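Order of the sequence lines sets the chain letters (A, B, ...), proteins ahead of strands, with each chain counted from 1. Please read all numbers here as calculations on a predicted model, not as lab measurements. Atom set for the values below is all heavy atoms of this structure, side chains included, hydrogens, waters and symmetry mates excluded.
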2 protein chains.
Amino acid sequence: MINSHPTAAELYQIVRKRLPKISLGTVYRNLELLTQNRTIRKLEIGGSEARFDGVIKPHHHIRCIACGVISDLFDVPQDVVPQQYLSLGDYDVRGYRIEFYGLCPLCKSKQATEEINNT
Amino acid sequence: MINSHPTAAELYQIVRKRLPKISLGTVYRNLELLTQNRTIRKLEIGGSEARFDGVIKPHHHIRCIACGVISDLFDVPQDVVPQQYLSLGDYDVRGYRIEFYGLCPLCKSKQATEEINNT
DNA sequence: TTATATGCAAATGATTTGCGTAGTC
DNA sequence: GACTACGCAAATCATTTGCATATAA
């Protein structure tokens with residue numbers, strides 16, 4: 001598995017193993033349909049390509065600043081921003097989107113190793 | 001003023017009034033330089049085009065879901081996510097980016113008017 | 001004159017779309 | 001036969017890049 005939040009191009013490669021004649025256009029078309037369907041979720045997350053999430057249940061995401069992998073954060077509640085901050089300003093605040101970032105376990109340990117080797 | 005968080009294309013139109021021969025490529029090149037400089041900030045916010053912010057001081061943004069305008073949220077503290085949620089999971093969390101969304105004052109009142117008219 | 005910035009056009013990368021065809025009801 | 005989904009290629013949109021020239025140090 002490439003990862004659990006694949007891009008359209010990654011899905012294209014995966015699907016192609018089963019349907020060798022499928023076109024990238026069809027992949028995009030169907031991802032769009034599934035998104036409107038709310039069968040999947042389209043993530044507008046940092047980076048140039050959109051990513052898709054098969055888990056519909058609302059949850060936040062974290063992106064590794066080293067390798068770019070996206071992970072789910074089921075432990076961080078959806079309404080993590082205290083209510084008091086949602087009534088500020090003259091906007092009618094409807095919600096927010098958080099993108100956490102940091103080092104994934106793999107890159108974290110890789111970095112630790114490098115630090116040791118550089119000493 | 002178009003708005004305070006212009007896209008590269010919007011800036012191109014503005015700058016062109018003063019420097020009619022400037023090219024869009026130069027605008028992109030200089031925005032990139034200023035971003036690396038930390039003279040401006042490049043916002044990776046929803047929508048297909050990047051937006052640029054002349055205010056370097058860290059602050060959050062809110063986007064109007066009706067008209068797309070971006071506004072600053074100086075009243076919402078930078079560390080609005082309670083500390084306890086930053087140590088969850090196996091990531092080394094370095095930070096997060098929040099994008100609030102809702103109705104801007106203009107669209108809010110416009111919508112209120114429509115509701116009255118539809119009654 | 002040497003380094004740096006620019007205009008211009010072409011290249012790139014992600015995504016969308018038009019169109020003719022194949023498969024389905 | 002009518003509808004829908006598809007393959008394919010071309011179009012689109014934002015952004016980047018190569019290159020020859022202009023400008024500045």
**Separation of C:dT21 P from A:Ile22 CD1 (nearest whole Å)** = 21 Å
**Item:** Polar side-chain atom of A:Arg63 near backbone of A:Tyr101 as donor-acceptor pair, under 3.5 Å
**Value:** no
**Item:** Polar side-chain atom of B:His5 near backbone of B:Ile70 as donor-acceptor pair, under 3.5 Å
**Value:** yes
**Request:** May I have the distance from B:Arg18 (atom CZ) to C:dT6 (atom C1'), rounded to whole angstrom?
**Result:** 20 Å
**Request:** Starting at atom CG of B:Leu24, determine the distance to atom P of D:dG18, rounded to an integer number of angstrom.
**Result:** 17 Å
**Asked** Would you say the side chains of B:His59 and B:Asp53 form a donor-acceptor pair under 3.5 Å?
**Response** yes
**Prompt:** Ignoring hydrogens and geometry, is there a side-chain-to-backbone donor-acceptor pair from B:Arg97 to A:Arg97 under 3.5 Å?
**Reply:** no
**Request:** Examine D:dG7: is either OP1 or OP2 under 4.0 Å from a nitrogen or oxygen in the side chain of A:Thr26? Give yes or no.
**Result:** yes
**Request:** May I have the distance from B:Tyr28 (atom OH) to C:dA11 (atom P), rounded to whole angstrom?
**Result:** 19 Å
**Message:** Keeping A:Arg51 on the side-chain end and A:Ala8 on the backbone end, is there a donor-acceptor pair under 3.5 Å?
**Reply:** no
**Message:** Less than 4.0 angstrom between a side-chain N/O of B:Ser23 and OP1 or OP2 of C:dG7, yes or no?
**Reply:** yes
**Message:** Between C1' on D:dT15 and CD on B:Glu44, what's the gap in Å once rounded to a whole number?
**Reply:** 12 Å
**Request:** Counting heavy atoms from C-beta on, name the nucleotide in D:dT15, C:dA14, C:dT15 closest to the side chain of A:Ser48.
**Result:** C:dA14
**Request:** Provide, to the nearest angstrom, the distance between the CD atom belonging to B:Glu32 and the C1' atom belonging to D:dT17.
**Result:** 13 Å
**Item:** Value in whole Å for how far the P atom of D:dT15 lies from CG of B:Leu31
**Value:** 10 Å
**Request:** Check the distance between C:dT6's C1' and B:Asn30's CG and give it to me in whole angstrom.
**Result:** 9 Å
**Prompt:** Which part of the nucleic acid, if any, lies within contact of A:Ala9, taking any heavy atom under 4.0 Å across all strands shown: a base, the sugar-phosphate backbone alone, or nothing?
**Reply:** nothing
**Prompt:** Does any donor-acceptor pair link the side chain of A:Arg29 with the base of C:dG18 at a separation under 3.5 Å?
**Reply:** yes
**Request:** Select from A:Leu33 and B:Lys42 the residue whose nearest nucleotide in DNA chain D is closer to the 5' end of that strand.
**Result:** A:Leu33
